[in-house]
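Letters A, B, ... mirror the listed sequences (proteins, then strands); counts begin at 1. Computed from heavy atoms alone, side chains included, the values below leave out hydrogens, waters and symmetry copies.
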Amino acid sequence: MAKNFCTRAENYSQWYNDIVKKADLAENSSVRGCMVIKPYGYAIWEKMQRQLDQMFKDTGHSNAYFPIFIPKSFFSREASHVEGFAKECAVVTHYRLKNDPNGGGVVVDPDAKLEEELIVRPTSETIIWDTYKNWIQSYRDLPILCNQWANVVRWEMRTRLFLRTAEFLWQEGHTAHATREEALEETDKMIHVYADFAEKHMAIPVVMGVKSPNERFGGAIDTYCIEALMQDGKALQAGTSHFLGQNFAKAFDVKFLNQQNEQEYVWATSWGVSTRLIGALIMTHSDDNGLVLPPVLAPIQVVIVPIYKSDEQRQQIADKADTLVQKLKALGISVKFDNDDTKRSGWKFNEYELKGVPVRVAIGPKDLENNEAEVARRDTMEKYNVSFDALVEHIQKLLEEIQQNLYNKALKFREEHTYKADTWDEFVDLLDNKPGFVYAHWDGTPETEEKIKDLCKATIRCIPFNNPKEEGKCILTGKPSHERVLFARAY
RNA sequence: CGGGGUGUGGCGCAGUUGGUAGCGCGCUACGUUCGGGACGUAGAGGCCGGAAGUUCGAGUCUUCUCACCCCGACCA
């Protein structure tokens, strides 16, 4: 079947890379650490964007755009924020090139040094709070609910397509509120939007929770997150929502006059998801035959492949296919009729399987005779015949069924790979031999979390919301603990 | 920044004791095919990562350099 294709069992990361390349999602560019997102991969991102954007609008947010460059001085205003990002910032120091006097092409003009260096945004809190300062005077100016779709740069040492690249695409929401309660509510609302998106659209079950101090965003009071479990048993952070308190308001002196005519610092949140979600999508659903896409996000939901010998047959099938295309399109289903004569049907079957198209319809001479078509679903690889009269309705239902099946499968996988550990040996044994989510007691100190990470590479992914209280002893130190937290090795 | 590796047609690779570059895939044309990646025939395509050196002669040997990949420390 699939040729030159690494299986998950053989080498998981090779399998991942193969999928990204062979499904034509993205490739490495000649710029170190940066990827080219190819049309098919970008189409998935566009579908995600469209959906998320609608969800942001529905919750009262508006899009805006802020500069890609941030003056260095802005960056140093919030101490833990700088600390979080300083090590991975790209910096612009000059604004002009000139011809190399030695004839070696162009060189940076040393006379064109910037007065103040500019940071290429790794995230936009600082430039946005510098801007919000001018937008806010009174409680009547609040809340501000902005989102921006943008690229950001984090100079990573080691990169992997979609999962970690030097430049990536994301959205970042930045909101300003009059009260602590309102900002907290916003933080909570947005992590729920992300969880909803992950589960309903990406068909990925997630655990929602709060980050431990070690894993918290630089400059945040609290970071909420959604965590997903990949097929190799590693966790992947799929989205974050931060309660920033008044940290940035204080750093940028953003105050408003409340109804009692008193000056108060503004309360803030920020939240984001990135193209990394495409990595999550791949590693949650795909199999050894290639990409598997949930119908809701698939650029092509249905592909129709004709099988023919003569031109006459080809024409007859095309007529049949065209009416099918019209009917499916009328239902809002994205369908492709691949009538390319330079590729054979077998080649197309493999190609669309590799690309994760949820439903394939094959129509050949025999089918014409019997007034039916062969339907193949990508998630289960099942094939069967359906009469033409029932086809449209069948496909519509099938797409919904596949979406649901993928979610159920992923949920089942997560449940089967979620464990409890009560002793250190048990904990390490699980991580090494049955990788997945491990619920274990922790004494609540950053030092212990750090030590656990050093010892076995596992980190606290989150402390789930509504976490059941349970008395126990810390897995490492034996100190008392009143709840289990979620551990895993993570991407 | 440590430790390991690789640079040769678009991609994946071979190239012996130094003798002037080959294979598979892909690509082009034509023909035969067409219900799970077809086959035949004929083609196109390469200053062998770069620089210097040894030599009558370097893909091959020496030195230097550059780039990329893998494993660590950092991270969404």
Side-chain angles (χ1 to χ4, degrees), chain A residues 1-5 11 13-14 17-18 21-22 27-34 83-89 122-123 151-172 194 211 214-218 220 223 225-228 234-242 270-280 289-290 305-311 313-314 317 339-355 360-370 372-376 381 383 385 450 453-454 457 459 461 490-491:
Chain A
M1 188 147 289
K3 291 191 297 187
N4 315 318
F5 204 89
N11 183 341
S13 41
Q14 188 60 47
N17 289 336
D18 282 355
K21 285 182 186 128
K22 298 197 171 166
E27 61 190 30
N28 285 305
S29 71
S30 27
V31 186
R32 193 209 76 101
C34 295
E83 201 193 323
F85 288 103
K87 282 170 287 185
E88 48 187 27
C89 285
T123 179
N151 59 340
V152 285
V153 169
R154 298 182 187 175
W155 214 258
E156 300 291 350
M157 317 283 277
R158 297 193 55 199
T159 60
R160 294 197 60 194
L161 292 170
F162 291 117
L163 298 174
R164 182 171 301 110
T165 47
E167 180 195 22
F168 58 93
L169 305 182
W170 77 346
Q171 65 55 223
E172 45 182 327
Y194 289 153
K211 285 289 186 193
N214 286 4
E215 299 282 322
R216 195 182 282 153
F217 174 76
T223 290
C225 64
I226 51 173
E227 292 285 327
K234 284 169 83 173
L236 185 126
Q237 181 177 281
T240 49
S241 181
H242 314 291
S270 68
W271 28 273
V273 297
S274 71
T275 37
R276 187 181 223 207
L277 287 179
I278 296 175
N289 296 312
V305 177
I307 298 161
Y308 55 86
K309 291 184 186 167
S310 65
D311 281 347
Q313 279 175 347
R314 189 181 177 201
I317 292 165
N339 200 18
D340 183 351
D341 193 38
T342 66
K343 302 279 196 294
R344 308 172 89 237
S345 51
W347 190 92
K348 291 176 189 173
F349 290 174
N350 283 286
E351 179 70 6
Y352 292 110
E353 232 156 71
L354 206 50
K355 290 191 158 189
R360 182 186 75 225
V361 176
I363 308 174
K366 281 184 227 162
D367 302 310
L368 285 184
E369 273 173 43
N370 302 329
E372 59 183 24
E374 183 195 75
V375 174
M381 302 289 278
K383 291 196 291 195
N385 288 346
E450 195 60 36
K453 187 180 175 184
D454 290 344
K457 305 232 178 283
T459 49
R461 300 322 302 156
Y491 276 97

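- Comparing B:C74, B:G36, B:G35 against the side chain of A:Glu156 picks out B:C74 as the nearest.
- With both ends at atom C1', the span from B:A14 to B:C70 equals 23 Å, rounded to whole Å.
- Within 4.0 Å of A:Leu163, counting heavy atoms only, lies at least one base atom of the nucleic acid.
- Here A:Arg344 reaches the OP1 or OP2 of B:A38: one of its side-chain N or O atoms lies under 4.0 Å away.
- Of all nucleotides listed (B:G37, B:G35, B:G36), B:G35 comes nearest to the side chain of A:Glu374.
- Distance noted for atom C1' between B:G46 and B:G22: 11 Å (whole Å).
- Residue A:Gln237 is classed as a sugar-phosphate contact, given heavy-atom separations below 4.0 Å to backbone atoms only.
- Within a 6.0 Å sphere centred on CD of A:Gln14, other residues, nucleotides and ligands contribute more than 12 heavy atoms.
- Nearest approach of A:Ile317 to A:Pro306, heavy atoms of both residues: CG2-CB, 3.6 Å.
- Applying the 4.0 Å criterion to OP1 and OP2 of B:A73, one finds that A:Lys457 has a side-chain N or O inside that range.
- For A:Arg32, the side-chain atoms get nearest to B:C68 when compared with the rest of B:C68, B:G37, B:G35.
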Test side chain to side chain donor-acceptor pair (under 3.5 Å) on A:Asn289 and A:Glu353; report intermediate values, then the result.
CA-CA 7 Å; A:Asn289 296 312; A:Glu353 232 156 71; 5.2 Å; no

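- Taking a pair as Watson-Crick or G-U wobble with both distances under 3.5 Å, the runs of three or more consecutive pairs in RNA chain B are B:1-7 with B:66-72, B:10-13 with B:22-25, B:27-32 with B:38-43, B:49-53 with B:61-65.
- The separation between A:Lys343 atom NZ and B:A38 atom P is 11 Å, rounded to whole Å.
- The distance between atom CD1 of A:Ile307 and atom P of B:C34, rounded to the nearest whole Å, is 12 Å.
- Candidate nucleotides B:G35, B:G36, B:G37 were compared by shortest atom distance to the side chain of A:Lys366, and B:G35 ranks first.
- When the P atom of B:G37 is taken as reference, atom NZ of A:Lys348 falls 14 Å away, rounded to whole Å.
- Residue A:Leu161 contributes atom CG, which lies 10 Å from atom P of B:C70 at whole-angstrom precision.
- Within 6.0 Å of CH2 on A:Trp170 lie more than 12 heavy atoms contributed by other residues, nucleotides or ligands.
- For B:G26 and B:A44, the C1' atoms lie 13 Å apart once the distance is rounded to whole Å.
- Atom CG of A:Asp311 sits in a sparse spot, with 12 or fewer heavy atoms from other residues, nucleotides or ligands closer than 6.0 Å.
- Using a 4.0 Å heavy-atom cutoff across all strands shown, A:Ser274 reaches at least one base atom of the nucleic acid.
- For B:A42 and B:U6, the P atoms lie 37 Å apart once the distance is rounded to whole Å.
- Residue A:Asp341 contributes atom CG, which lies 14 Å from atom C1' of B:G31 at whole-angstrom precision.
- One can place CG of A:Asp18 at 16 Å from P of B:C11, the figure rounded to the nearest angstrom.
- For the C1' atoms, the distance from B:G45 to B:C11 is 13 Å, rounded to whole Å.
- Donor-acceptor pairing under 3.5 Å, judged by distance alone, is present between the side chain of A:Lys383 and the base of B:G36.
- Counting non-hydrogen atoms under 4.0 angstrom, A:Asn28 reaches nothing in the nucleic acid.
- Partners of A:Asn385 by side-chain hydrogen bond (donor to acceptor under 3.5 Å, both in side chains), not counting sequence neighbours, listed by chain and number: A:Glu372.
- Taking the six-membered ring for Trp and thresholds of 30 and 60 degrees, A:His242 and A:Phe217 have nearly parallel ring planes, at less than 30 degrees apart.
- Atoms CG (A:Asn350) and C1' (B:G37) sit 5 Å apart, rounded to a whole Å.
- Along RNA chain B, the nucleotide nearest to A:Lys453 and the one nearest to A:Lys309 differ in position, and the one closer to the 5' end is contacted by A:Lys309.
- Contact of A:Arg360 with B:G36 (side chain to base): a donor-acceptor pair of N or O atoms is detected under 3.5 Å.
- Comparing A:Gly33 and A:Gly84, the nucleotide of RNA chain B nearest to each residue sits closer to the 5' end for A:Gly33.
- Between A:Tyr308 atom OH and B:U33 atom P the separation is 15 Å, expressed in whole Å.
- Judged purely by atom type and a 3.5 angstrom limit, A:Arg216 has no side-chain atom pairing as donor or acceptor with the backbone of A:Lys211.
- Of the C1' atoms belonging to B:A67 and B:U8, the separation is 15 Å, rounded to the nearest Å.
- A search for salt bridge (charged side-chain N to carboxylate O under 4.0 Å, His left out) contacts involving A:Lys348 returns A:Asp338, not counting sequence neighbours.
- Only the P atoms considered, B:C48 is 26 Å distant from B:G43, to the nearest whole Å.
- Nearest heavy atoms, A:Leu236 versus A:Ala280: CD2-CB, 3.6 Å.
- Across all strands, A:Tyr491 comes closer than 4.0 Å to no nucleic acid atom at all (heavy-atom distances).
- Going from the P atom of B:U65 to that of B:G9 covers 24 Å, rounded to whole Å.
- Across all strands shown, A:Ser13 has no heavy atoms under 4.0 Å from either base or sugar-phosphate atoms.
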